[in-house]
There are 2 protein chains.
Amino acid sequence: MHHVDFKENSYRLIANIAKALGNAHRLELLELVSNGPKNVEELAKEARLSFANTSQHLQILKQLNLVKTKRVFTSIIYSVADTSIPLLLKYLHKTAYNQSLELKHTILDFRKQTGITSVEINDISDTNYILLDVRSESEFNFGHKKGAINIPYAIIDKSMNTLDKDKLIVAYCRGELCTFADKVVKHLQEAGFNAVRLKEIIMTKTG
Amino acid sequence: MHHVDFKENSYRLIANIAKALGNAHRLELLELVSNGPKNVEELAKEARLSFANTSQHLQILKQLNLVKTKRVFTSIIYSVADTSIPLLLKYLHKTAYNQSLELKHTILDFRKQTGITSVEINDISDTNYILLDVRSESEFNFGHKKGAINIPYAIIDKSMNTLDKDKLIVAYCRGELCTFADKVVKHLQEAGFNAVRLKEIIMTKTG
DNA sequence: ATACTATTCTATTATTCTATTGAATACTAT
DNA sequence: ATAGTATTCAATAGAATAATAGAATAGTAT
């Protein structure tokens with residue numbers, strides 16, 4: 001192969017991966033499956049898309065080997081194909097946040113509007129905090145931050161009495177654009193807890 | 001802003017960055033400017049594109065704040081907007097290499113065909129090797145690996161006599177898809193030098 | 001001032017991408 | 001076997017993207 005064809009072929013193949021990430025819905029779907037395996041119905045609902053459209057986007061991701069499937073009873077379960085993919089998503093978010101003033105302001109304004117404090121793990125002086133994962137039980141079991149406990153968003157009102165009011169509660173969900181943690185923090189604060197939201201780009205196991 | 005709009009807006013803005021990388025020519029242009037500032041003419045020539053088309057692609061990259069411009073005499077010089085961008089490109093290459101069998105084989109077959117050995121820095125047992133940067137002088141001056149010396153690809157035949165035949169020569173260029181280093185290694189080997197190519201995804205300063 | 005030149009803009013065309021709809025498929029459950 | 005259901009396929013229309021050619025612009029050089 002001539003070096004010009006080699007270069008053009010290679011760039012085309014790499015660009016194909018970027019192109020797959022270059023659609024807001026596919027990006028969201030890929031992040032959803034990065035948080036744990038899900039079937040098409042769940043993904044369609046979470047991403048607010050039609051069934052058929054979700055399936056089509058997922059097939060594009062599958063064709064590029066970014067997600068993989070397996071059948072479990074009547075459902076096709078999609079999951080992320082490789083652990084390097086969430087890492088790529090993280091750097092994409094980072095660059096977007098750094099280079100797009102509009103994105104930066106969208107995120108900062110939203111957090112400001114909710115009035116909830118976001119902290120990074122390293123910024124927490126209190127060593128005796130509770131790290132609270134508010135995602136679903138299956139997402140928690142698929143992978144979570146070291147030392148975290150799980151109270152899914154949906155049941156926080158019933159289960160918050162198991163939490164210690166004297167400790168700082170640091171809640172997190174799927175990442176920067178997931179708003180489960182924001183809502184949980186608000187509920188906890190209203191119930192008299194000392195709670196903040198973990199500032200993170202994308203959910204990663206170690207932190 | 002409602003949390004659904006917040007999410008959709010944010011994903012749209014992040015996807016816009018990915019979309020910019022989702023074109024083989026733009027990807028190549030972005031990597032070219034990551035190696036050092038260049039004017040439109042240079043970029044068009046290197047990427048084998050028409051002048052107008054190059055300009056249009058560059059404007060898309062500029063609009064997304066991935067590249068920046070400045071005028072120097074009669075030319076507009078494009079350069080990469082931020083150091084986080086080459087890092088994103090590196091992870092994109094990595095994921096593409098891992099997930100696309102076709103890309104992996106394209107690269108492996110090309111290197112096999114040239115018959116040139118690729119090594120990683122850590123694999124070199126001989127501590128007394130020469131690290132040779134074969135890019136242009138201006139690219140070298142913009143940033144190079146620690147300890148590297150520069151003999152641009154274009155003048156290797158005239159300048160190879162300054163190199164030591166008793167030392168291992170490890171040549172590198174702009175990265176995995178750049179073939180300058182391959183050609184230089186071949187010339188050096190034919191002239192009786194002991195030369196190999198540095199295996200690297202994207203040119204980074206430290207290594 | 002004027003010519004020159006590097007770059008960008010405009011208009012056009014061909015191509016690719018996206019969402020929708022309804023039908024088809026492939027598997028499970030009985 | 002048959003029914004049921006989750007998912008995918010196929011066709012389509014509209015929107016967005018990409019490349020080309022030629023005109024326009026904005027600066028430098030004389």
Side-chain angles (χ1 to χ4, degrees), chain A residues 4 8-9 11-30 32-33 37-79 81 138, chain B residues 4 7-9 11-30 32-33 37-79 138:
Chain A
V4 169
E8 295 196 343
N9 262 322
Y11 274 120
R12 183 179 49 77
L13 293 167
I14 299 166
N16 281 345
I17 301 284
K19 206 182 283 180
L21 309 183
N23 173 285
H25 296 311
R26 275 199 297 274
L27 203 52
E28 187 172 359
L29 290 170
L30 193 53
L32 284 167
V33 297
K38 289 172 185 62
N39 64 22
V40 183
E41 193 183 8
E42 262 181 285
L43 289 167
K45 197 183 159 195
E46 281 281 358
R48 307 160 306 282
L49 294 174
S50 77
F51 220 86
N53 196 203
T54 304
S55 175
Q56 279 171 19
H57 281 306
L58 288 170
Q59 279 166 80
I60 290 169
L61 293 174
K62 192 183 175 186
Q63 213 175 347
L64 288 160
N65 198 28
L66 295 174
V67 301
K68 58 188 178 188
T69 56
K70 72 172 179 190
R71 178 175 279 273
V72 175
F73 302 108
T74 61
S75 287
I76 308 281
I77 309 288
Y78 279 83
S79 50
S138 74
Chain B
V4 170
K7 193 184 271 190
E8 295 196 342
N9 262 322
Y11 274 119
R12 184 179 49 78
L13 293 167
I14 299 166
N16 281 344
I17 301 285
K19 206 182 284 179
L21 310 182
N23 174 284
H25 296 312
R26 275 200 298 274
L27 204 52
E28 186 172 1
L29 290 169
L30 193 54
L32 284 167
V33 296
K38 290 171 183 64
N39 65 22
V40 182
E41 194 183 6
E42 261 181 286
L43 290 167
K45 196 183 159 196
E46 282 279 359
R48 305 159 308 280
L49 294 173
S50 76
F51 219 87
N53 195 203
T54 303
S55 174
Q56 280 170 18
H57 281 307
L58 288 169
Q59 278 165 80
I60 290 169
L61 293 174
K62 192 182 176 187
Q63 211 174 349
L64 288 160
N65 199 28
L66 296 173
V67 302
K68 57 189 179 187
T69 57
K70 71 171 181 191
R71 178 175 280 272
V72 175
F73 301 108
T74 62
S75 287
I76 308 281
I77 308 287
Y78 279 83
S79 51
S138 74

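Proteins come first, then strands; the chains are lettered A, B, ... in the order of their sequence lines, and each starts at number 1.
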Engineer: I need the NZ-P distance between A/Lys38 and D/dT7, as an integer number of Å.
Structural biologist: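 Spelled out: NZ on A/Lys38 to P on D/dT7 is 14 Å.
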Engineer: Who is the Watson-Crick or G-U wobble partner of C/dT30, with both distances under 3.5 Å?
Structural biologist: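 When the pairing criteria are applied, D/dA1 turns out to be the nucleotide that pairs with C/dT30.
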Engineer: Tell me the closest heavy-atom pair linking B/Leu58 and B/Val67, and the distance in Å.
Structural biologist: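 Looking at all heavy atoms of both residues, the shortest contact is O-CG2, 3.9 Å.
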Engineer: Rounded to the nearest Å, what distance is computed from the CD1 atom of residue B/Ile77 to the P atom of nucleotide C/dT7?
Structural biologist: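 It is 7 Å, rounded to the nearest whole Å.
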Engineer: Could you state the interatomic distance from CG (A/Leu43) to CG (A/Leu49), rounded to the nearest 0.5 Å?
Structural biologist: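 Those atoms lie 9.5 Å apart.
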Engineer: Sequence neighbours excluded and cut-off under 3.5 Å, please list the side-chain donor-acceptor pairs for residues 14-23 of chain A, or say none.
Structural biologist:
from    : atom 1 : to      : atom 2 : distance (Å)
A/Asn23 : OD1    : A/His25 : N      : 2.9
A/Asn23 : OD1    : A/Arg26 : N      : 3.0

Engineer: In chain order, what residues pass the salt bridge (charged side-chain N to carboxylate O under 4.0 Å, His left out) check against B/Glu41, with sequence neighbours excluded?
Structural biologist: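 Result, salt bridge (charged side-chain N to carboxylate O under 4.0 Å, His left out) vs B/Glu41: none returned.
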Engineer: If I take atom CD in residue B/Gln63 and atom C1' in nucleotide D/dA18, what distance separates them, rounded to the nearest angstrom?
Structural biologist: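 Atom CD in B/Gln63 sits about 15 Å away from atom C1' in D/dA18.
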Engineer: Please encode protein proximity along nucleotides 24-30 of chain D as a string of B, S and -, counting only heavy-atom distances under 4.0 Å.
Structural biologist: ---SSS-
Engineer: Between P on D/dA18 and CG on B/Leu21, what's the gap in Å once rounded to a whole number?
Structural biologist: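 Distance, rounded to whole Å: 12 Å.
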Engineer: Answer with base, sugar-phosphate or nothing: what part of the nucleic acid does A/Ser75 contact at a heavy-atom distance below 4.0 Å?
Structural biologist: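 Counting heavy atoms under 4.0 Å across all strands, the contact made by A/Ser75 is with sugar-phosphate only.
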Engineer: Between the protein and nucleotides 14-22 of chain C, list every N/O to N/O distance that falls short of 3.5 Å.
Structural biologist:
from   : atom 1 : to      : atom 2 : distance (Å)
C/dT18 : OP1    : A/Asn23 : ND2    : 3.0
C/dT18 : OP2    : A/Arg26 : NH1    : 3.2
C/dA19 : OP1    : A/His25 : NE2    : 3.4
C/dA19 : OP2    : A/Asn53 : OD1    : 3.3
C/dA19 : OP2    : A/His57 : NE2    : 2.6
C/dT20 : O4     : A/Gln56 : NE2    : 3.1

Engineer: Check the distance between C/dA6's P and B/Ile76's CD1 and give it to me in whole angstrom.
Structural biologist: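 The distance from CD1 of B/Ile76 to P of C/dA6 comes to 12 Å, rounded to the nearest Å.
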Engineer: Please report the shortest heavy-atom distance between A/Ser50 and A/Ala44, naming the atom on each side.
Structural biologist: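 Taking every non-hydrogen atom into account, O-CB, 4.2 Å.
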Engineer: Using the salt bridge (charged side-chain N to carboxylate O under 4.0 Å, His left out) criterion, which residues pair with A/Glu42? Sequence neighbours excluded.
Structural biologist: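 Expected list: none.
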Engineer: Without placing hydrogens or testing angles, list every side-chain donor-acceptor pair under 3.5 Å for residues 69-78 of chain B, not counting sequence neighbours.
Structural biologist:
from    : atom 1 : to      : atom 2 : distance (Å)
B/Thr69 : OG1    : B/Lys62 : NZ     : 2.9
B/Arg71 : NH1    : B/Phe73 : O      : 3.3
B/Ser75 : OG     : B/Asn39 : ND2    : 3.4

Engineer: Check the distance between C/dA6's P and B/Lys70's NZ and give it to me in whole angstrom.
Structural biologist: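 In whole Å, C/dA6 P lies 19 Å from B/Lys70 NZ.
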Engineer: Rounded to whole angstroms, how far apart are CD on B/Glu42 and P on C/dA6?
Structural biologist: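 My rounded result for the distance is 13 Å.
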Engineer: Evaluate side chain to side chain contact (heavy atoms under 4.5 Å, CB included) for B/Glu46 paired with B/Glu28, printing each intermediate quantity in order.
Structural biologist: CA-CA 9 Å; B/Glu46 282 279 359; B/Glu28 186 172 1; 5.7 Å; no
Engineer: Counting only Watson-Crick or G-U wobble pairs whose two distances fall under 3.5 Å, which nucleotide matches D/dT30?
Structural biologist: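 For D/dT30, the partner nucleotide comes out as C/dA1, under the 3.5 Å rule.
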Engineer: How long is the gap from NZ on A/Lys38 to CG on A/Leu29, to the nearest 0.5 Å?
Structural biologist: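 The NZ atom of A/Lys38 sits 10.5 Å away from the CG atom of A/Leu29.
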Engineer: Think B/Tyr78 has a side-chain N or O under 4.0 angstrom from the OP1 or OP2 of C/dA6?
Structural biologist: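 No.
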